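Below, each value reflects all heavy atoms present in this structure, side chains not excepted, and no hydrogens, waters or symmetry copies. Please read these numbers as outputs of a predicted model, since none were measured by experiment.
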Amino acid sequence: MKIISITSHVLQCDMPTELGYSQQYYDKRTAHLVRVETDEGITGWGECFGPGNVALANKTIVERVIAPMVVGMDALDRDVIWHKVYNLLRDHGQKGMPIQSLSGVDIALWDIAGKAANLPIHKLIGGAHRKDVAAYGYGMMLKREGVADHVARFKDEAASIIGMGFGATKMKTGLGPRDDVKLCAAVAEAVGDAKFMVDANHCYTTSDAFYVGRALDEMGAYWFEEPVAPEDHDGYRELRAGLSTNISGGEAEFARWGWRQILENRGLDIAQPEVCALGGITEYLRVLALCHAHFTPVINHVWGSAIAVATNLQLLAAMPPMPGGLYPWEPMLEFDTTENRFRDHLLTDPLDIQGQVKRNSGRVKIPEGPGLGVTPDPDFIKTYEIQ
């Protein structure tokens, strides 16, 4: 079954309101889908991590760099294709946009393989350890408003997310250490007995991260995500050793070699690989094995369209329990509660995550159809695609 074409579809729309995190504000939503077609009429879909102009740059890499390397190859030779592309691009970047671009192509090839076998991807990996998975809802984004307004809004939004049926929620920080502690205290009060997590998007120095982290220890936060720059491996290790709150991160790391350095450094309590960035499903499985070999639990980072969500549901189904036994530690699905039409309206048969959470005590079912188990609506794609 030969690959005959690889096409990127970059979708973009205006958001209802501007949102932000510690690095920037944004008012447009972007999704980068990859379509791989074969000579047997089977089409696969994948997704590349990266918003805005990054998605447009990745589109060029997918169509002008990767496609000429692999068109004509057997679509079922996923690992052969992965290594061919990685080896030819190694001199131009072992991390970043080349690997994000490869991720989307690789996911599409897994979708093709599942459709060819008439099996969901989790069956190709080895089976489902679970038929559904708990979801946590994140929100509480930054806006161009004062601290008091943030505190009031975060408190209301945290309670609302738990009220939707999510068993845990995650907030953003980035106003500065002292003001961020006020935000965290408001969320801790609002969630009651539910879990809450804090995502800094690497905005702190190590000393400022300790200031916030010690406060989180007192509040009982479940994890402190990306407290310092992803390159600061020593900072992660120091924070993990000095705080009781779980330290999480890894969404900005790529491939098994980068992940090996993080894990050997012992800086993470919880690993958060991003399958649409680190090299696709083929490489994700190697990273997952490395994480579990280092006895590090995994909760996938999830950002993007319904294709990204479906991909992660397949992976969460196939993730072995850790450490095993009657009551093992279990992963969760990350779910962005802000408006996202590329997630909620992209598919011919929507996943309806929020509806499932409300109906199923905070849990989401794993798609059982072939491949990813979902189908994008071509008319929807035409409506929002940019060139």
Side-chain angles (χ1 to χ4, degrees), residues 19 21-22 29 31 47-51 103 107 130 132-141 157-158 160-162 164-173 187 191 194-202 221-227 230 245-253 268-278 281 284 287-288 291 296-319 322 329-340 342-344 346 351-358 360 362-367 372 374:
L19 298 175
Y21 58 104
S22 66
R29 178 83 67 184
E47 181 161 355
C48 304
F49 183 84
S103 300
I107 293 168
R130 54 196 64 82
D132 55 29
V133 64
Y136 75 85
Y138 91 74
M140 292 161 281
M141 309 291 288
E157 193 171 340
S160 175
I161 291 172
I162 299 302
M164 294 175 189
F166 293 97
T169 188
K170 187 171 77 177
M171 60 178 289
K172 297 292 190 183
T173 58
V187 171
V191 300
K195 293 177 180 177
F196 82 98
M197 296 80 84
V198 176
D199 186 359
N201 293 109
H202 52 78
Y222 184 43
W223 77 58
F224 190 11
E225 182 172 335
E226 280 203 308
T245 300
N246 290 314
I247 301 300
S248 69
E251 70 183 73
E253 191 51 81
L268 293 179
D269 293 291
I270 297 171
Q272 295 172 302
E274 169 54 72
V275 66
C276 297
L278 64 76
I281 295 173
Y284 169 90
V287 169
L288 175 65
C291 290
T296 304
V298 173
I299 297 182
N300 296 348
H301 179 265
V302 183
W303 181 94
S305 80
I307 298 297
V309 175
T311 302
N312 278 278
L313 286 171
Q314 295 292 332
L315 297 175
L316 291 170
M319 185 186 297
M322 183 180 173
W329 183 95
E330 290 283 352
M332 295 187 288
L333 172 70
E334 179 176 15
F335 183 81
D336 176 4
T337 61
T338 64
E339 188 266 358
N340 185 348
F342 301 146
R343 179 195 61 220
D344 298 336
L346 171 67
L351 291 167
D352 186 25
I353 302 295
Q354 286 171 294
Q356 290 194 56
V357 165
K358 186 174 183 179
N360 302 328
R363 301 189 71 82
V364 178
K365 293 181 179 179
I366 309 300
L372 292 173
V374 297

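When atom types are taken as modelled, the side chain of D269 and the backbone of I247 share a donor-acceptor pair closer than 3.5 angstrom. Remark: side-chain polar atoms of S22 are paired, donor with acceptor, to backbone N or O of N201 under 3.5 angstrom. Within the 3.5 Å criterion, the main-chain N or O of L351 finds a donor-acceptor partner in the side chain of Q356. Distance alone, capped at 3.5 Å, places no donor-acceptor pair between the T296 side chain and the I270 backbone. Using modelled atom types, no side-chain atom of S103 and backbone atom of C48 make a donor-acceptor pair closer than 3.5 Å. A distance-only check finds a donor-acceptor pair linking the side chain of Q272 to the backbone of G249 [under 3.5 Å]. Between the side chain of E47 and the backbone N or O of S305, at least one donor-acceptor pair lies under 3.5 Å. In terms of modelled atom types and a separation under 3.5 Å, the side chain of E334 and the main chain of V302 share a donor-acceptor contact. Judged purely by atom type and a 3.5 angstrom limit, R343 has no side-chain atom pairing as donor or acceptor with the backbone of F335.
By the salt bridge (charged side-chain N to carboxylate O under 4.0 Å, His left out) test, E274 is found to be paired with no residue, residues two or more places apart in sequence or in another chain being considered. The salt bridge (charged side-chain N to carboxylate O under 4.0 Å, His left out) search around D344 returns none, not counting sequence neighbours.
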Inset, instruction - Would you sort out whether Y284 and L315 count as a side chain to side chain contact (heavy atoms under 4.5 Å, CB included), showing the intermediate values? - result: CA-CA 9 Å; Y284 169 90; L315 297 175; 3.7 Å; yes
Legend entry - Stepwise side chain to side chain contact (heavy atoms under 4.5 Å, CB included) test for W303 and E251: CA-CA 10 Å; W303 181 94; E251 70 183 73; over 6 Å; no
Inset, instruction - Might you work through the side chain to side chain contact (heavy atoms under 4.5 Å, CB included) test for M319 and E330, ending with a clear yes or no? - result: CA-CA 9 Å; M319 185 186 297; E330 290 283 352; over 6 Å; no
Inset, instruction - Show your working on side chain to side chain contact (heavy atoms under 4.5 Å, CB included) between M171 and E157 and close with a plain yes or no. - result: CA-CA 10 Å; M171 60 178 289; E157 193 171 340; over 6 Å; no
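Annotation: side chain of P230 is not in contact with side chain of E253 (no heavy-atom distance under 4.5 Å). Taking the side chain as every heavy atom from C-beta outward, Y136 and K195 never approach each other to under 4.5 Å. Between L19 and K172 the shortest side-chain heavy-atom distance does not fall below 4.5 Å.
Checked for salt-bridge contact, D132 and K365 miss the test: no charged N lies under 4.0 Å from a carboxylate O.
The cationic group of K170 does not satisfy the cation-pi geometry with Y222, failing either the under 6.0 Å distance to the six-membered ring centre or the 45° limit from the ring axis.
The two residues T245 and A221 have their closest heavy-atom pair at CG2-O, 3.6 Å. Shortest non-hydrogen contact noted between V187 and A158 is CG1-CB, 3.9 Å.
Partner of N300 under the side chain to side chain contact (heavy atoms under 4.5 Å, CB included) criterion, out of V275, T311, N312, L288: N312 alone.
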